[in-house]
Novice: 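Quick one: the structure is below, questions incoming.
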Amino acid sequence: MNGPLAALERLFERIFERPAARLFGTAVEPVQVRHRLERAMDSAGHSPAGYVPDRYTVRVNPGDLAGLGDTVPSFAAALVAHARSQGYRLPGRPAVELVADPTVAPGDLAVATSFGTAGGPAHAGVVGRPGGVPVGEPGAPPSGATMVFQVPQARVPYATLRVVSPGVAPREFPVRAPSVRIGRGEENDLVLPDSRISRVHGLFSARQGGLVYTDLGSTNGSFVNGTRVSEVALGPGDVLRLGDSTITIAGGQ
C-alpha cells in the first residue's frame, strides 16, 4: 500500500485521528495501535537489501497504556500478517514494545521503528506523530538521518522442526546451528527423501534469536501456511511445505 490511495488514506488519518482524540478524550484502542504500526511499516521504506523494520516502539500516555492490557503478541502477529500481505521482507520476527510516555497526549500515540537483527540495514527510521514533531529514542537522529548499528552475532534460536516426509516416520529436528540447509541431496544438514524437493531447496538461518527461512531457487517452491514465499520470518505453529513434505515450527528447547 504505497500508492496514491495509501497516501490519501494516511492524510485523512492525520487530519482526523489526533484532533478527535483530543476533543473527545477517547482512549487508545488496540485496533488504533495496530493500524498505526502497519502504517509505520508502510512509511519506513526499505533497506538497500529490501527489508522493512522489525523493531517497533509504541509510546502512549500512561493512562492509555493501562487500558491496552496484554496486546503485544497480537500486534507482532498483525505485523507479520501485514508484511506477508504486502510482500515485504522482514529480517526477523517483529518485536513490539509499549512504553508509557507522559509527553504523549491521552488518546494519541507515537511509533518509532528500527532494525534490530543481523539481516537489517544500518539505519533506523522514525515515524512522527500525525501533525507533530518526530518522536524517537533519546539521542536518536532526526527523521531521514542515518544511525549505524554494530551487526550482532547470530543467536541460535534452539527451535525444533517437526518433519513429515513421504515414506519416512515423522521426526523432530532440533535447530542448534546458526544455519541449516535443507534439501533432497545428502550434502544438506536436513535431508528430505522427497522427489518433489530440489537437491538444495532452502535455508533456515538464525537472526537475533528468531528463525528465518529462505528459498534457494527451488523448482517447486516453498509455502508457509499455504502462501508461496521466497524469504520469511517464522514462529511457533507456522507450517512450511516443501514438495510433499511439511515442517512445523515448534518452540525452543
Side-chain angles (χ1 to χ4, degrees), residues 1-3 5-6 9 31 34-35 37-47 49-56 72-96 113 115 117 119-120 157 159-166 170 172-173 175 179-184 188-190 192 194-252:
M1 273 187 37
N2 292 317
L5 289 178
E9 179 183 343
V31 66
R34 180 172 63 81
H35 287 163
L37 285 168
E38 292 173 352
R39 198 169 76 207
M41 179 178 283
D42 293 336
S43 303
H46 294 241
S47 75
Y51 292 102
V52 293
D54 60 350
R55 294 294 181 266
Y56 295 79
V72 170
S74 68
F75 296 147
L79 284 172
V80 170
H82 185 67
R84 289 176 179 172
S85 70
Q86 299 300 312
Y88 297 153
R89 298 178 67 195
L90 282 165
R93 200 162 183 86
V96 180
T113 68
F115 291 87
T117 66
T160 298
L161 309 178
R162 293 174 181 163
V163 185
V164 178
S165 290
E172 292 193 345
F173 182 93
V175 178
S179 64
V180 173
R181 193 167 58 173
I182 181 172
R184 180 168 40 86
N188 294 284
D189 303 299
L190 175 56
L192 298 181
D194 185 333
S195 61
R196 297 189 62 242
I197 290 179
S198 297
R199 186 170 185 84
V200 178
H201 199 105
L203 178 74
F204 289 102
S205 56
R207 298 184 187 172
Q208 196 69 11
L211 192 65
V212 176
Y213 174 79
T214 304
D215 184 276
L216 298 178
S218 66
T219 300
N220 292 320
S222 302
F223 298 80
V224 173
N225 303 330
T227 301
R228 186 162 185 164
V229 299
S230 57
E231 185 169 82
V232 65
L234 299 170
D238 284 336
V239 178
L240 172 65
R241 180 170 62 82
L242 312 176
D244 293 322
S245 302
T246 60
I247 299 175
T248 303
I249 313 303

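This is a predicted model, so every value here is computed, not measured. Residue numbers run from 1 in the order of the sequence given.
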Novice: Would Asp194 and Leu242 satisfy side-chain contact (heavy atoms from CB on, under 4.5 Å), going step by step from the backbone distance to the final call?
Specialist: CA-CA 9 Å; Asp194 185 333; Leu242 312 176; over 6 Å; no

Novice: Is there a side-chain contact between Arg181 and Val200, using heavy atoms and a 4.5 Å cut-off?
Specialist: yes

Novice: Apply the test side-chain contact (heavy atoms from CB on, under 4.5 Å) to residues Glu38 and Phe75: give CA-CA distance (whole Å), side-chain angles for both, the deciding distance (0.1 Å), then the verdict.
Specialist: CA-CA 9 Å; Glu38 292 173 352; Phe75 296 147; over 6 Å; no

Novice: Which pair of non-hydrogen atoms, one from Thr113 and one from Ala40, has the smallest distance, and what is that distance?
Specialist: CG2-CB, 3.9 Å

Novice: Distance check, rounded to the nearest 0.5 Å: Arg93 atom CZ versus Asp238 atom CG?
Specialist: 5.5 Å

Novice: What verdict does the side-chain contact (heavy atoms from CB on, under 4.5 Å) test give for Val212 and Val232, after you've listed the backbone C-alpha separation in whole Å, the side-chain angles of each residue and the deciding distance to 0.1 Å?
Specialist: CA-CA 6 Å; Val212 176; Val232 65; over 6 Å; no

Novice: May I ask you to decide if Ser85's main-chain N or O and Tyr88's side chain share a donor-acceptor pair within less than 3.5 Å?
Specialist: no

Novice: Please evaluate residues Arg196 and Asp244 with respect to the criterion salt bridge (Lys or Arg N to Asp or Glu O under 4.0 Å), reporting the C-alpha separation (whole Å), side-chain torsions for both, the decisive distance (0.1 Å), and the verdict.
Specialist: CA-CA 7 Å; Arg196 297 189 62 242; Asp244 293 322; 3.3 Å; yes

Novice: Quick one: pull up CD in Glu172 and OG1 in Thr160 and give me the separation to the nearest 0.5 Å.
Specialist: 6.0 Å

Novice: Under a 4.5 Å cut-off applied to non-hydrogen side-chain atoms, are Leu211 and Ile249 in contact?
Specialist: yes

Novice: Within the side chain of Asn188, is there an N or O that forms a donor-acceptor pair under 3.5 Å with the backbone of Arg199?
Specialist: yes

Novice: Let me confirm one number: the CG-NE2 distance from Leu240 to His201, rounded to the nearest 0.5 Å.
Specialist: 7.5 Å

Novice: Below 4.5 Å, heavy atoms only, C-beta onward: do Val224 and Arg84 meet side chain to side chain?
Specialist: yes

Novice: Look up atom CD1 in Ile197 and atom CG in Leu192, then write down how far apart they are to the nearest 0.5 Å.
Specialist: 4.5 Å

Novice: Rounded at 0.5 Å granularity, tell me how far OG in Ser198 sits from CG in Leu216.
Specialist: 9.5 Å

Novice: When you measure from the side chain of His82 to the backbone of Arg34, do you find a donor-acceptor pair of N or O atoms at a distance under 3.5 Å?
Specialist: no

Novice: Provide the closest heavy-atom pair for Ser165 versus Ser245 in the form atom of the first, atom of the second, distance.
Specialist: OG-OG, 3.0 Å

Novice: Test side-chain contact (heavy atoms from CB on, under 4.5 Å) on Leu234 and Phe204 and set out the steps.
Specialist: CA-CA 10 Å; Leu234 299 170; Phe204 289 102; 3.6 Å; yes

Novice: Using the rule side chain to side chain contact (heavy atoms under 4.5 Å, CB included), only one of Ile182, Val180, Leu203 pairs with Tyr213; which is it?
Specialist: Ile182

Novice: About how many Å separate CG of Asn220 and CZ of Arg241, when rounded to the nearest 0.5 Å?
Specialist: 9.5 Å

Novice: So which heavy atom on Met41 is nearest to which on Leu90, and how close?
Specialist: CE-CD2, 4.1 Å

